[in-house]
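Per chain, numbering begins at 1; letters A, B, ... match sequence-line order.
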Amino acid sequence: MILATWNVNSLNVRLPHVLKWLEANPVDVLCIQETKLTDDKFPAAAIEAAGYQVVFSGQKTYNGVAILSKLPMTDVVRNNPHYEDAQQRILAATIAGVRVVCAYVPNGQAVGTDKYEYKLGWLASFRHWLELEAAAHPNLAVLGDYNIAPDDRDVHDPAAWAGQVLCSEPERAALRALFGLGLTDSFRLFEQAEKTFSWWDYRMLGFQKNKGLRIDHILLSGPLASRCSSCVVDRAPRKWEQPSDHAPVVAVIGD
DNA sequence: ATGGCAGACTCCGTCTGA
């Protein structure tokens with residue numbers, strides 16, 4: 001099974017990119033974040049025509065998540081049942097015996113702001129819910145835009161980003177708390193090129209200068225991690241016309 | 001210290017993202 005995650009920064013704009021990428025990369029499951037579409041405007045027909053079933057949970061202007069799958073999805077859950085949230089950031093489904101969670105973790109804006117506090121509270125409740133999911137589903141995969149760079153290897157300029165949002169110690173501790181549930185950052189199971197990132201600022205030639213962060217992750221429970229044979233970032237779509245500022249991350253799970 | 005870029009809505013400026 002091949003699992004992928006991609007923050008598309010508006011599915012309205014990026015639908016052609018998604019379809020083009022799936023044609024070249026026919027993954028089994030693709031988790032999408034930042035659809036920025038209400039459910040009545042979701043392009044389900046175009047995705048189904050490409051051979052994927054799809055579930056989605058959106059809102060106007062911001063956030064919004066979707067799971068595309070070649071195989072049937074059951075037990076679909078929208079949002080964290082233990083966290084009252086008007087923002088649509090979580091979607092879960094069971095696919096071929098694997099519990100797949102698609103998450104768009106809040107950005108946090110800046111350390112010390114209300115949005116930052118919302119992010120930390122959201123993550124604490126997310127951990128609580130994932131603990132229950134992990135207990136119920138030995139095969140658990142949590143994919144998405146975490147808006148956290150796990151450590152300084154995941155930051156183009158650690159000194160400039162030190163203590164800043166996406167890199168602050170409380171955020172990193174919240175991510176480690178998810179690792180504490182037995183979830184592994186599949187990217188770090190393998191030898192990786194230095195300065196591999198999944199997001200680059202649109203401004204100041206961020207991608208061309210590789211001034212990025214690795215904030216999109218595929219976390220796997222023990223049984224899935226032991227069967228994982230690769231995890232890579234696909235930089236190719238970031239070079240296309242009118243790209244998302246994020247690149248897809250892809251993990252391969254063997255038999 | 002600010003803006004740079006991009007997308008969406010309030011739509012020719014403002015908010016948010018990361």
Practice task
Output all residues satisfying side-chain hydrogen bond (donor to acceptor under 3.5 Å, both in side chains) with A:Asp201, sequence neighbours left out; order by chain, then residue number.
Solution key: A:Arg203
Handout entry: Partners meeting side chain to side chain contact (heavy atoms under 4.5 Å, CB included) with A:Pro243 (sequence neighbours left out)
Key = A:Arg238
Exercise for the section: Check the angle between the aromatic planes of A:Trp200 and A:Phe197 and answer parallel, tilted or perpendicular using the 30° and 60° thresholds. Expected result: perpendicular
Exercise for the section: Report the residues that fulfil side chain to side chain contact (heavy atoms under 4.5 Å, CB included) with A:Asp85, sequence neighbours left out, ordered by chain and then residue number. Expected result: A:Tyr83, A:Gln87, A:Arg89, A:Tyr118, A:Trp122
Exercise for the section: Nearest whole angstrom, please: distance from the P of B:dT16 to the CG of A:Asp145. Expected result: 17 Å
Handout entry: Sorted by number, the residues of residues 149-163 of chain A with heavy-atom contact under 4.0 Å to DNA chain B
Key = none
Handout entry: Atom C1', compared across B:dT16 and B:dC11: separation rounded to whole Å
Key = 16 Å
Problem - Whole-Å P distance, B:dT10 and B:dC15 - result: 13 Å
Completion exercise
Tracing side-chain contacts under 4.5 Å among Ile, Leu, Val, Met, Phe, Trp and Tyr outward from A:Leu189 reaches A:Phe190
Practice task
Please work out if A:Asp216 contacts a base, only the sugar-phosphate, or nothing of the nucleic acid, heavy-atom cut-off 4.0 Å.
Solution key: nothing
Handout entry: For A:Ser10, all residues meeting side chain to side chain contact (heavy atoms under 4.5 Å, CB included), sequence neighbours excluded
Key = A:Asn12, A:Val13, A:Lys36
Practice task
For A:Gln164, answer base if it contacts any base atom (sugar-phosphate contacts may also be present), sugar-phosphate if it contacts only those atoms, and nothing otherwise; contact means non-hydrogen atoms under 4.0 Å.
Solution key: nothing
Problem - Side-chain cluster (under 4.5 Å, hydrophobic types only) that A:Ile2 belongs to, other residues - result: A:Trp6, A:Val8, A:Leu11, A:Leu15, A:Val18, A:Leu19, A:Trp21, A:Leu22, A:Val27, A:Leu30, A:Ile32, A:Leu37, A:Phe42, A:Ile47, A:Tyr52, A:Val54, A:Phe56, A:Leu68, A:Val232, A:Trp240, A:Val250, A:Val252
Exercise for the section: Figure out the CD/P separation between A:Glu171 and B:dG17, and round it to whole Å. Expected result: 13 Å
Problem - d(NZ, A:Lys211; C1', B:dG3) in whole Å - result: 14 Å
Exercise for the section: Rounded to the nearest angstrom, tell me the gap between atom CD in A:Gln59 and atom P in B:dG17. Expected result: 11 Å
Problem - Trace of the side-chain contact (heavy atoms from CB on, under 4.5 Å) decision for A:Val29 with A:Leu143 - result: CA-CA 10 Å; A:Val29 177; A:Leu143 303 86; 5.9 Å; no
Problem - Pairwise P distance, B:dA18 and B:dT14 [rounded to whole Å] - result: 22 Å
Problem - Inter-nucleotide P distance (B:dG7, B:dT2), Å rounded - result: 26 Å
Practice task
Only pairs at least two apart or in different chains count here, so list each ring-ring contact (aromatic ring centres under 6.0 Å, His included) that has a residue in residues 163-185 of chain A.
Solution key: none
Handout entry: Pairs flagged by salt bridge (Lys or Arg N to Asp or Glu O under 4.0 Å) wherever residues 157-176 of chain A is involved - sequence neighbours left out
Key = A:Lys119-A:Glu171, A:Asp152-A:Arg172, A:Glu169-A:Arg176
Pick out the pairs of N or O atoms, protein on one side and nucleotides 5-8 of chain B on the other, that lie under 3.5 Å.
{"residue": "B:dG7", "atom": "OP1", "partner": "A:Arg14", "partner atom": "NH1", "Å": "3.1"}
{"residue": "B:dG7", "atom": "OP1", "partner": "A:Gln242", "partner atom": "NE2", "Å": "3.3"}
{"residue": "B:dG7", "atom": "O3'", "partner": "A:Ser10", "partner atom": "OG", "Å": "3.3"}
{"residue": "B:dA8", "atom": "OP1", "partner": "A:Ser10", "partner atom": "OG", "Å": "2.5"}

Completion exercise
By side chain to side chain contact (heavy atoms under 4.5 Å, CB included), A:Arg188 pairs with (sequence neighbours left out) A:Arg153, A:Asp154, A:Asp185, A:Gln192, A:Arg214
Fill in the blank from the handout: In numerical order, the residues of residues 100-120 of chain A whose heavy atoms come under 4.0 Å of DNA chain B are A:Tyr104, A:Asn107, A:Lys115
